[in-house]
Amino acid sequence: MTSKDLGEKSGTFQELKVSSRQQERSDSHLKVDVFQAATHEISLKDLPLLQELTVGVFWPHRDRDLEMLVKLGQGYLVLDEIGRPLSSAMKFEMGPDLAMLGMMITAPRLQTLGTGRWLLQQIMQDCGSRDMRLSATRAGYRLYKNAGFEPVATIRQQQGIARQVLPPAPLPHTDVRAIDDADWVALLELDLGAYGGDRKNILQALQAKSDCVVAERAGQIVGYAMIRNFGRGQVIGPVVADSDRLAIQLIAPLIEKRSGAFLRMDTPAEEGELTNFLSAAGLGLYDTVTEMCLGKQRRATSGAVVYGLAAHSLG
């Protein structure tokens, strides 16, 4: 899909009509249903309000998780007349030509009144000609589909209390070890090809909060995995590897060290060797979301690919 196609799809979406009773915008104010609401750019001072929104839709984010996302992205927050949060939306730029959309939340009582649609319009305009990608919940799928996004893959949210599992047989000529400073350039190059966008700043921020291992074969970095505190426990991701077996080699020691802890991994891998290993290790299928894109489908589908997301909002 070309940038011209993207502009045409965006324009079509922006022409959708919303009842004047439901939503009107003047500068930084909206009329939502029968009351006035104000919108402003998200900042760190909004963390308690974002936490209130996430609790309302049963997301597991803690203050630390939201703080990292606010530092990495830009977006908007809508408040009602007495300061209650109604809706949020953010973008996370991955180089000059790709953006992830995330933190797309609307309070359940307002999900049919157009606030989420208006915020999505603003974020899409802010992205300019960038290709866009997002993880759509069931509640948001129709909104994004109407905006021109197309489904790409199913993301499986696997989670649970980790338990000991028979370790996989070592892969020939492949060494899994802790990351070294000298590996960083090769890791970024590997991720760029697998992810389809430059997320150097994102990965640097994640590495500062993560344990990270790499896989080396014939002197080349061929995979990596990170694990960090998130939500109820810890999340495994991002993970990049060139096969299910290598992905398992990378994550197995991370799980083994945390037996008895709550772990989560969000993976676009189809049901098979990796998902079976996760289930055996106590991380069963909990839910799914749909990865969608507008513009090019940039994520690699062969060779080194993404096996684990950093977060739904970060891909």
Side-chain angles (χ1 to χ4, degrees), residues 1-7 9-10 65 68-75 89-104 120 122-136 144 147-155 179 183-210 212 214 221-226 228 235-242 247 250 265-269 289-315:
M1 184 177 295
T2 67
S3 58
K4 179 177 183 291
D5 295 327
L6 175 60
K9 284 186 176 290
S10 277
D65 309 319
M68 183 185 70
L69 290 171
V70 170
K71 287 179 177 179
L72 292 175
Q74 305 85 38
M90 297 188 70
K91 67 179 176 73
F92 303 87
E93 296 177 356
M94 309 295 179
D97 49 10
L98 176 66
M100 278 291 303
L101 308 189
M103 290 302 294
M104 311 286 291
L120 179 59
Q122 307 313 305
I123 289 294
M124 291 173 68
Q125 289 174 357
D126 290 351
C127 289
S129 62
R130 284 182 169 87
D131 294 330
M132 288 173 266
R133 189 186 302 170
L134 55 80
S135 299
Y144 307 130
F149 287 84
E150 293 295 334
V152 173
T154 297
I155 306 297
I179 191 170
D183 302 322
W184 188 242
V185 172
L187 184 152
L188 291 176
E189 183 177 354
L190 183 75
D191 188 81
L192 177 63
Y195 184 79
D198 181 0
R199 55 176 178 172
K200 176 180 178 181
N201 293 339
I202 304 292
L203 293 180
Q204 287 178 327
L206 292 174
Q207 188 195 19
K209 298 177 179 295
S210 304
C212 182
V214 296
I221 300 301
V222 293
Y224 78 90
M226 296 186 187
R228 70 182 189 281
V235 64
I236 301 169
V239 179
V240 170
D242 58 12
L250 286 161
M265 182 171 170
D266 298 296
T267 179
V289 298
T290 303
E291 182 182 62
M292 305 183 76
C293 71
L294 182 56
K296 294 179 182 177
Q297 196 322 69
R298 308 172 66 94
R299 186 163 58 77
T301 56
S302 62
V305 301
V306 173
Y307 273 92
L309 272 59
H312 282 176
S313 292
L314 300 175

Please round to the nearest 0.5 Å and tell me the distance separating atom CG of L188 and atom OH of Y224. 8.5 Å

Would you compute the distance between atom CG of L101 and atom CG of D126 and round it to the nearest 0.5 angstrom? 10.0 Å

Grab the two heavy atoms, one from I221 and one from L190, that are nearest each other, plus how far apart they are. O-CD1, 4.0 Å

For L294 and Y144, run side-chain contact (heavy atoms from CB on, under 4.5 Å): C-alpha distance rounded to whole Å, both residues' side-chain angles, the deciding distance at 0.1 Å, then the answer. CA-CA 9 Å; L294 182 56; Y144 307 130; over 6 Å; no

Dump the intermediate steps for salt bridge (charged side-chain N to carboxylate O under 4.0 Å, His left out) on D97 and K296, then the final yes or no. CA-CA 10 Å; D97 49 10; K296 294 179 182 177; over 6 Å; no

Checking the side chain of Q297 only, and the main-chain atoms of R299 only, is there a donor and an acceptor separated by less than 3.5 Å? yes

Kindly indicate whether a cation-pi arrangement holds for R133 with Y195, taking the cut-offs as under 6.0 Å to the six-membered ring centre and within 45° of the axis. yes

Would you give the length of the straight line joining atom CE of M94 to atom CZ of R130, rounded to the nearest 0.5 angstrom? 10.5 Å

Can you give me the closest heavy-atom contact between A247 and A241, atom names plus distance? N-CB, 3.6 Å

For S313 versus L69, what's the shortest heavy-atom pair and its separation? CB-CD2, 4.3 Å

Rounded to the nearest 0.5 angstrom, the CG-CZ distance for L134 and F149 is 4.5 Å

For the student: nearest non-hydrogen atoms of M292 and A136, plus distance: SD-CB, 3.6 Å

What are the two closest heavy atoms between R228 and A311, and how far apart are they? NH2-CB, 4.0 Å

Not counting sequence neighbours, which residues clear side chain to side chain donor-acceptor pair (under 3.5 Å) with Q74? List them please. K91

Give the minimum heavy-atom separation between N201 and L72, together with the two atoms involved. O-CD2, 4.3 Å

Is Q204 atom CD crowded by more than 12 heavy atoms from other residues, nucleotides or ligands, each under 6.0 Å away? yes

Output for pair (W184 CH2, K200 NZ), nearest 0.5 Å, gives 9.0 Å

How many angstroms lie between CD1 in I236 and OG in S210, if you round to the nearest 0.5 Å? 11.5 Å

Determine whether L187 and L203 satisfy the following criterion, side-chain contact (heavy atoms from CB on, under 4.5 Å), listing intermediate values before the conclusion. CA-CA 10 Å; L187 184 152; L203 293 180; 4.1 Å; yes

